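First the structure, which I've put down as structure tokens, then a few questions once you've had a look.
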Amino acid sequence: MDALTLLLLSVMTAATPLLLAALGELITEKSGVLNLGVEGMMIVGAVCAFAVSVSTGNAAAGIAAGAVAGAAMALIFGFLTLTMLANQVATGLALTIFGIGLSALIGKGYVGIAVAPLAKLHIPLLSDIPLLGPILFGQDALVYLSLLSVLAVYWFMKRTRAGLVLRAVGDSHEAAHAIGYSVIRIRYLAVLFGGAMAGLAGAYLSLAYTPLWAENMTAGRGWIALALVVFSTWRPGRLLAGAYLFGGITILQLHAQSAGWGVPSQIMSMLPYLATILVLVIISGDRAKIRLNAPACLGKVFHPAQ
Amino acid sequence: MIRLESKGEPSRLFSYLSPVLAMVLTVGTGALLFELMGKPAGPSLYAYFIQPFTTLYGASELGVKATPLILIGLGLSVGFRANVWNIGAEGQLTLGAIAGGALALAFYEVETPLLLPAMMIAGVLGGMAWAAIPAFLRVKFNANEILVSLMLTYVALLLLSYLVHGPLRDPDGFNFPESRLFHDSATMPTLISGTRLHWGAVLAVLAAGAIWLMLSRSMLGFQLKILGDAPRAARFAGYREPKLVWFSLLLSGGLAGLAGALEVSGTVGQLIPTISPGYGFTAIIVAFLGRLHPVGVVIGGLTMALTYIGGETAQIEIGLPAAVTGLFQGVLLFYLLACDVLINYRLRFGRRLAIG
């Protein structure tokens with residue numbers, strides 16, 4: 001494989017976990033719920049996927065475990081914010097603190113073990129086409145899943161009745177409640193989907209991106225995913241672009257480090273975080289656009305009896 | 001199925017009872033967790049909650065760890081009242097540590113009583129400068145301060161790592177990523193000899209008093225409360241939101257920076273890659289546990305300090321992993337948030353129970 005193909009492949013690998021987690025959060029936020037616990041759900045997903053993968057020797061079981069673990073974390077969040085009407089910001093932060101602690105506890109016995117990276121598709125001839133072959137026909141299952149999810153989420157929100165209901169709940173929970181939709185049940189489903197996707201993102205990190213378990217291995221990717229949702233102005237197509245842009249920045253700084261441009265590695269490592277801030281500033285400055293696209297009830301507590 | 005019934009007006013009783021209830025539930029969960037991990041609950045809980053107090057050193061460590069938690073928690077609680085979510089206190093603490101530490105190293109072996117106060121001021125300014133970034137970006141560009149301040153935490157930790165690996169590394173330190181040990185004039189004196197409890201603890205108590213005065217007696221404190229409780233009313237009353245955002249972030253950043261400067265001069269004694277075991281994040285729990293009230297924050301800070309010390313003792317005595325501390329902290333905040341529902345609502349379980 002030539003250098004350009006390798007570069008593009010690594011960009012896709014870096015973008016995939018961001019894309020998975022951000023798509024889940026996009027649906028959660030569209031229902032009017034702000035879950036800041038993406039980092040916590042992602043890291044618990046990562047450790048559970050790794051642990052199950054190691055003990056069963058089955059990567060598919062690991063991926064499923066990651067998604068289930070992420071959804072279980074999201075269930076805690078849902079119970080506290082939707083049933084017990086707790087503050088969403090505080091609960092999301094609690095979920096992250098809890099998740100980092102829990103993952104370190106679960107992962108204690110798995111530090112230093114390596115698994116074989118997630119198998120990549122290989123179709124004779126097609127996968128061997130120069131440049132495009134490996135990119136189109138030589139990826140692992142989760143990369144394809146992340147791209148399919150973009151289409152699915154787009155179609156769901158724009159073309160289905162359920163998607164319309166979801167957006168209605170997010171834009172005016174009182175109106176949706178008044179015409180008979182169960183706001184709480186719909187939000188629970190959206191929160192669980194967000195958790196499962198964050199769990200998948202974690203599974204991708206510990207099974208494919210760096211096939212091992214290390215404490216704090218998500219390194220803020222959950223928070224970057226949250227920023228990407230704002231960047232996308234809650235639209236799946238722009239989310240895809242944003243995730244790949246960030247994948248590109250991540251890989252660029254890694255290459256710059258190994259090329260030894262004389263810039264200290266720590267300074268280069270700051271790039272994705274600084275880029276996140278820059279992107280937030282550019283998008284959020286356009287208040288009209290944010291107001292047009294942001295779910296109007298984002299972060300607001302809903303109590304049907306009020 | 002749980003249904004919630006409004007109480008009409010908030011219950012003062014449950015506002016005080018809820019943190020106590022949450023702590024009892026957390027201890028109960030801890031006991032269960034210890035049993036599940038095959039450690040007997042009794043000795044584990046003893047190691048976690050009682051043993052630290054059996055020696056003077058252990059008890060004084062409570063003050064050592066509570067000092068930064070109280071300082072940061074005070075600042076955060078002011079912002080949280082006004083719905084200004086500074087989540088990046090860990091980064092502001094780190095910048096305070098860098099600013100204070102760099103000053104100590106710049107005046108290495110200069111013996112003067114002015115150095116310590118100068119280091120503290122540098123720490124405050126460092127923390128304020130770091131918090132000014134999310135304040136400016138929120139006021140000017142509407143950028144979410146939660147995400148900006150959090151991203152800056154990662155940047156601050158990388159900056160510290162760069163400095164101790166490079167410019168500020170001890171020239172005689174065999175290439176270890178550490179600065180020189182601070183000399184006497186740059187070291188915060190201890191309150192009780194033989195312990196690590198330093199004068200920072202006094203500063204934390206004074207800060208709590210000052211914040212209490214500010215919140216209860218000044219117009220600014222009132223405006224912050226209104227902005228958080230009723231943003232529309234605040235706008236009609238003509239309160240300037242940008243001013244309050246700036247104030248909340250600079251205050252919490254400055255206090256976090258002070259905590260950082262105190263950590264390096266009092267507790268650590270040099271710059272190392274990790275200054276704080278997550279005080280900036282734990283202080284968020286401290287603020288909520290303390291009901292966003294200065295006196296409560298002091299109590300909350302002491303409580304959360306106990307989870308750190310208990311975690312360390314339990315690690316040594318019964319071989320529990322260090323991560324248990326973070327787990328307990330998260331669980332405590334979960335219970336607290338759940339119990340807080342009782343301030344405004346009554347719980348009703350299912351239809352049949354409600355009738356019977």
Side-chain angles (χ1 to χ4, degrees), chain A residues 34 36 39-40 76-77 79-81 83-87 89-108 215 219-220 223-224 226-227 230 264-270 272-287 290 303-306, chain B residues 1-6 33 37 80 83 85 87 133-134 137-138 140-144 146-148 150-155 157-163 165-166 278 281-282 284-285 287-288 320-334 336-341 344-345 347:
Chain A
L34 178 67
L36 292 180
E39 181 86 2
I76 301 177
F77 176 87
F79 176 74
L80 286 169
T81 58
T83 302
M84 304 300 266
L85 310 183
N87 178 309
V89 173
T91 311
L93 294 171
L95 198 66
T96 293
I97 295 173
F98 173 75
I100 291 171
L102 180 67
S103 65
L105 191 62
I106 298 174
K108 199 177 162 245
E215 275 187 36
W223 295 101
I224 293 179
L226 275 161
V230 180
S265 65
Q266 291 96 341
I267 305 294
M268 290 309 295
S269 302
M270 292 175 187
Y273 306 113
L274 293 174
T276 307
I277 296 175
L278 185 70
V279 150
L280 269 176
V281 167
I282 292 170
I283 298 296
S284 309
D286 191 349
R287 284 169 207 246
I290 292 283
H303 183 225
Q306 267 169 347
Chain B
M1 190 54 193
I2 303 171
R3 286 184 304 116
L4 299 177
E5 215 174 81
S6 180
L33 189 73
M37 289 194 298
F80 291 175
N83 267 329
W85 299 96
I87 304 304
I133 302 171
L137 297 181
R138 168 161 163 184
K140 196 83 187 157
F141 299 102
N142 194 29
N144 182 308
I146 298 177
L147 293 171
V148 173
L150 200 100
M151 289 295 126
L152 285 173
T153 296
Y154 289 100
V155 176
L157 293 171
L158 286 164
L159 180 66
L160 175 64
S161 165
Y162 160 68
L163 289 173
H165 279 91
F281 296 110
T282 307
I284 297 167
I285 306 177
F288 282 112
L320 284 176
V324 171
T325 302
L327 186 73
F328 274 161
Q329 293 179 347
V331 168
L332 177 62
L333 189 49
F334 283 150
L336 183 71
L337 290 164
C339 290
D340 274 355
V341 78
N344 289 306
Y345 300 96
L347 294 187

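We name chains A, B, ... by the order of the sequence lines, and we start the count at 1 in each one. Model, not experiment: these values are computed from the prediction.
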Qualifying residue, where the test is side chain to side chain contact (heavy atoms under 4.5 Å, CB included) with B/M151 and the options are A/L274, A/L278, A/T276 =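 That would be A/T276.
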
Who among A/I224, A/I97, A/I290 has the most heavy-atom pairs with chain B under 4.5 Å?
-> A/I97

Could you tell me which portion of B/I133 (side chain, backbone, both or neither) has an atom closer than 4.5 angstrom to a non-hydrogen atom of chain A?
->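 Answer is neither: B/I133 stays 4.5 Å or more from chain A.
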
Distance in Å, A/M268 CE paired with B/L158 CG, rounded so as to fall on 0.5 Å steps |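 If I round to the nearest 0.5 Å, the distance is 12.0 Å.
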
Structural part of A/L105 lying under 4.5 Å from a heavy atom of chain B =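 Looking at A/L105, backbone and side chain both touch chain B.
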
Between B/I285, B/L152, B/L137, B/L327, which has the largest tally of heavy atom pairs under 4.5 Å with chain A?
-> B/L327

OG1 on A/T91 to CG on B/L336, rounded to 0.5 Å =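 Here the interatomic distance stands at 10.0 Å.
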
Which heavy-atom pair separates A/P264 from B/Y162 by the least distance, and what is that distance?
->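 Result for this residue pair: CG-CE1, 3.2 Å.
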
With a 4.5 angstrom heavy-atom cut-off, could you sort out which part of A/I282 is near chain B: side chain, backbone, both or neither?
->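 For A/I282, no heavy atom lies under 4.5 Å from chain B.
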
Choice from B/F80, B/F328, B/F334 maximising heavy atom contacts with chain A below 4.5 Å = B/F334

Name the option with the most non-hydrogen atom pairs under 4.5 Å to chain A; the candidates are B/I284, B/L150, B/N144.
-> B/L150

What part of A/L102 gets closer than 4.5 Å to chain B, counting heavy atoms only: side chain, backbone, both or neither?
-> both

Might you work through the side-chain contact (heavy atoms from CB on, under 4.5 Å) test for A/H303 and B/Y345, ending with a clear yes or no?
-> CA-CA 11 Å; A/H303 183 225; B/Y345 300 96; 3.5 Å; yes

Which portion of A/F79 sits near chain B, non-hydrogen atoms under 4.5 angstrom |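 Only the side chain of A/F79 comes within 4.5 Å of chain B.
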
Under 4.5 Å heavy-atom distance to chain B, tell me which part of A/V281 shows up: side chain, backbone, both or neither.
-> both

Examine whether an atom of B/L337 lies under 4.5 Å from a heavy atom of chain A, and if so say whether it belongs to the side chain, the backbone or both; otherwise answer neither.
-> both

Minimum-distance pair of heavy atoms, taken over all atoms of A/A227 and B/L147 = CA-CD1, 3.8 Å

Taking every heavy-atom pair that is under 4.5 Å apart, which of B/L333, B/V155, B/N344, B/T282 has the most such pairs with chain A?
-> B/V155

Please state whether the rings of B/Y154 and A/Y273 are parallel, tilted or perpendicular, taking 30° and 60° as the class boundaries.
-> parallel

Contact class of A/I76 relative to chain B, heavy atoms under 4.5 angstrom |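 It is the side chain, since no backbone atom gets that close.
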
Which residue out of B/F288, B/F281, B/W85 racks up the most heavy-atom pairs below 4.5 Å with chain A?
-> B/W85

Among A/L280, A/D286, A/T96, A/I277, residue most engaged with chain B (heavy-atom pairs, under 4.5 Å) |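 Between A/L280, A/D286, A/T96, A/I277, the count favours A/I277.
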
Under 4.5 Å between any side-chain heavy atoms of A/L93 and B/I87, yes or no?
-> yes

Side chain / backbone / both / neither for B/I146 at chain A, heavy atoms under 4.5 Å = side chain

If every non-hydrogen atom of A/Q266 is compared with every non-hydrogen atom of B/H165, which pair is closest and at what distance?
-> NE2-ND1, 3.4 Å

